[in-house]
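Naming convention: chains lettered A, B, ... in sequence-line order (proteins, then strands); numbering from 1 in each chain. All values below were derived from every heavy atom in this structure, side-chain atoms included, with hydrogens, water molecules and symmetry-related copies excluded. Not measured: the values here are computed from a predicted model.
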Amino acid sequence: MSDLKVYNSYSRQKEVFTPLTPGHVGMYVCGPTVSGESHLGHARPYITFDVVFRYLQHLGYKVRYVRNITDAGHFEEEGREAVDKIATKAVLEKLEPMELVQKYTNLFHWAMEQFNTLRPSIEPTATGHIVEQVEMIKKLIAEGYAYETNGSVYFDVKKYAASYDYGKLSGRVIDDLLETTRELEGQDEKRDTADFALWKNASPEHIMRWQSPWGVGYPGWHIECSAMATKYLGAQFDIHGGGMDLLFPHHESEIAQSTICNHSAPVRYWIHNNMITINGKKMGKSYNNVIKLTELFSGNHPVLEKAYHPMTIRFFILQTHYRSTLDFSNEALQAAEKGLKRLWDAYEKLQAMSYTSEAGTRQLSGQKSEVDAELEAKCSKLITELPEFMNDDFSTAKVLANMFELVPVINSMKDNIIPVSALSKETFELLQSQMRLYVEGIFGLQSVTEADNEKLKGVMDLLIDIRKEAKSRKDFVTSDKIRNQLAGLGILLKDEKGGGMSWAIE
RNA sequence: GGUCCUGUGGCCGAGUGGCUAGGCAGAGCUCUGCAAAAGCUCCUACAGCGGUUCGAAUCCGCUCGGGACCUCCA
């Protein structure tokens, strides 16, 4: 099998993935800031890296997947004062900061569960790692790359840039950065505008604050990820993921901090997902165009024509390569919804089929049961390409395209248009197992209808029996009545070839 | 202003030199008591202008359009 190749944002090219420790992978992904509800844009990295996580595990790696919860330390420009974002909202909502943080953490976990994302191996919180952050800042000061002013500590970018390549990850030119001036709080405290905060002095109105060698304050944003990644994954680790918008300054700063502290570049493969756009614009707080996940699931938002199932969103995201922008629209989402249904229906049919009995039936009915060489070759090609596509920088869109090419084959076998025995037993079983692996195991897709109610199944079996009897008597009044009334309840009955019936909840 | 990315059929989106992407929508046909589903077929495009090449959506240049980052941001 081909090697896994990943696009490394740092080198700007695809590289063969070789983990630092054979058999093990350390992966860090920037988690959510739990000062508010997650929106559609947030869904992308967590679904993307969930698939990466699943795929790496499938390849046999033991993966430690660390995804933090940022529950303190981000700054938000609020008038003239840079205020701890979480503290600000807490005041507005009259909540304890930790209550607020807990609320949105819970909501985030709930949404991730809806998307069927696997839980990370470790989910550290920023507030739980103040000590590690303080230690790291101390080290940076000791190394001479950070300085204290008025109870705040800043990283000396100019000094760092003199011996290291600051700006390489984000393609930034240090001289340009030094020129860029902007009125930010604390700007006069910095030796240089490009310097970034490691620790911020907290004014009395800050609710979230901690004691430090530099006085009462709170940590800078970038140091949080560096401290937690170092603690759980070591000075050097394999993969660091996140949205492209984090390239600068966040990830660039992480590199600088960790490089000085640990005397080595922290990350071997930087992987960044692109943005979700709406009407061509990035979905983000600053653009005021976000659709929250709860709104998406409920359809309760002016731009939404209807509610969308979490699996539809997941499928929608996987239909595009993670490094391309993905434009939101009702039309696109509804197309994804239908596509997913078609794929899932075929997938379920395939799993319910069995090679031997079907092949036997074919022989009895006098059809040829010879293997169709052309079909056999086509199917095995489509199947063997799946891992190759995944190995090519996680080309989920291509994997889905191949699956869709297999859908007509599956449906035809189910409807006896093609005998199952047109495929060899090996290929048929490979088809079954690979589809199970990719659809459920790696892509993490699930049934949209959740009709796992045994009693309902029993009732439906009964109604189907009655309807079959009615149909055999040509009592179409009864058979239509059953079908129509069920349709009114949102349950669709479908007559299949060969007299079978199936049903699905709308 | 600086750095970088991007422009594919009605819509969404793969695709880095030659070979049908795929999905959704639309049209026709088949199957069928009807319906739905399913199957088959069709619609086959690469912003514009030049250049390189036997050959370009794919490489180069220019023009026009869109976007991201430079500030919190997935």
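In this structure, A:M413 and A:F428 have side chains that are in contact, with non-hydrogen atoms separated by less than 4.5 Å. For the pair A:Y160/A:F155, a side-chain contact is recorded, criterion being any heavy-atom separation below 4.5 Å from C-beta on.
For A:F297 and A:F115, the distance between ring centers is under 6.0 angstrom.
Both geometric conditions, a ring-centre gap below 5.5 Å and a plane tilt below 30°, are not fulfilled together for A:F404 over the base of B:rG23.
Salt bridge A:K349/A:D345: absent, no basic N to carboxylate O contact under 4.0 Å. With respect to A:K381 and A:E385, a salt bridge is recorded, a charged nitrogen being found less than 4.0 Å from a carboxylate O. With respect to the salt-bridge test (charged N to carboxylate O, under 4.0 angstrom), the residues A:D393 and A:K14 do not qualify.
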- Task: Would you write the dot-bracket representation of RNA chain B, where each base gets (, ), [, ], | or . depending on whether it forms a Watson-Crick or G-U pair under 3.5 Å and with which partner?
- Result: ((((((((.[[[..)..(...]]].(((((.......)))))....[[[[[..)....]]]]])))))))....
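In this structure, A:L492 reaches neither bases nor backbone, as no heavy-atom distance under 4.0 Å exists between it and the strands shown. Heavy atoms of A:Y287 sit under 4.0 angstrom from primed sugar atoms or phosphate atoms, though from no base atom. Residue A:F248 is in sugar-phosphate contact alone, with no base atom involved, counting any heavy-atom pair closer than 4.0 Å across all strands shown. If you check every strand for non-hydrogen atoms under 4.0 Å, A:S412 touches sugar and phosphate atoms only.
Between the CZ atom of A:R12 and the P atom of B:rU3 there is a distance of 13 Å, given to the nearest Å.
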- Step by step, work out the side chain to side chain donor-acceptor pair (under 3.5 Å) result for A:H250 and A:E254. CA-CA 6 Å; A:H250 188 52; A:E254 275 191 56; 3.1 Å; yes
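One N or O donor and one acceptor, one from the side chain of A:D480 and one from the base of B:rG33, sit under 3.5 Å apart. The base of B:rG33 is paired with the side chain of A:S479 by a donor and an acceptor separated by under 3.5 Å. At a cut-off of 3.5 angstrom, counting only N and O atoms as typed in the model, there is a donor on one side and an acceptor on the other between the side-chain of A:R483 and the base of B:rC34.
A:T48 and A:N273 form no side-chain donor-acceptor contact under 3.5 Å, judged by distance and modelled atom types alone.
Applying the side chain to side chain contact (heavy atoms under 4.5 Å, CB included) test between A:D327 and each of A:T277, A:N279, A:I276 identifies A:T277 as the sole match. For the pairing with A:H240, the ring pair (Phe, Tyr, Trp, His ring centres under 6.0 Å) check across A:F49, A:W270, A:Y269, A:Y65 returns one residue only, A:W270.
For B:rA74, neither phosphate oxygen OP1 nor OP2 lies less than 4.0 angstrom from any side-chain nitrogen or oxygen of A:T48. Between A:T33 and B:rA74, a side-chain N or O to OP1/OP2 separation shorter than 4.0 Å is present.
For the segment residues 271-284 of chain A, the set of residues with a heavy atom within less than 4.0 Å of an atom of RNA chain B comprises A:N273, A:N274, A:M275, A:I276, A:G280, A:K281, A:K282, A:M283, in numerical order. Using a 4.0 Å cut-off on heavy atoms, the residues of residues 326-345 of chain A that approach RNA chain B are A:L326, A:D327, A:E331, A:A332, A:A335, A:K338, A:G339, A:R342, listed by number.
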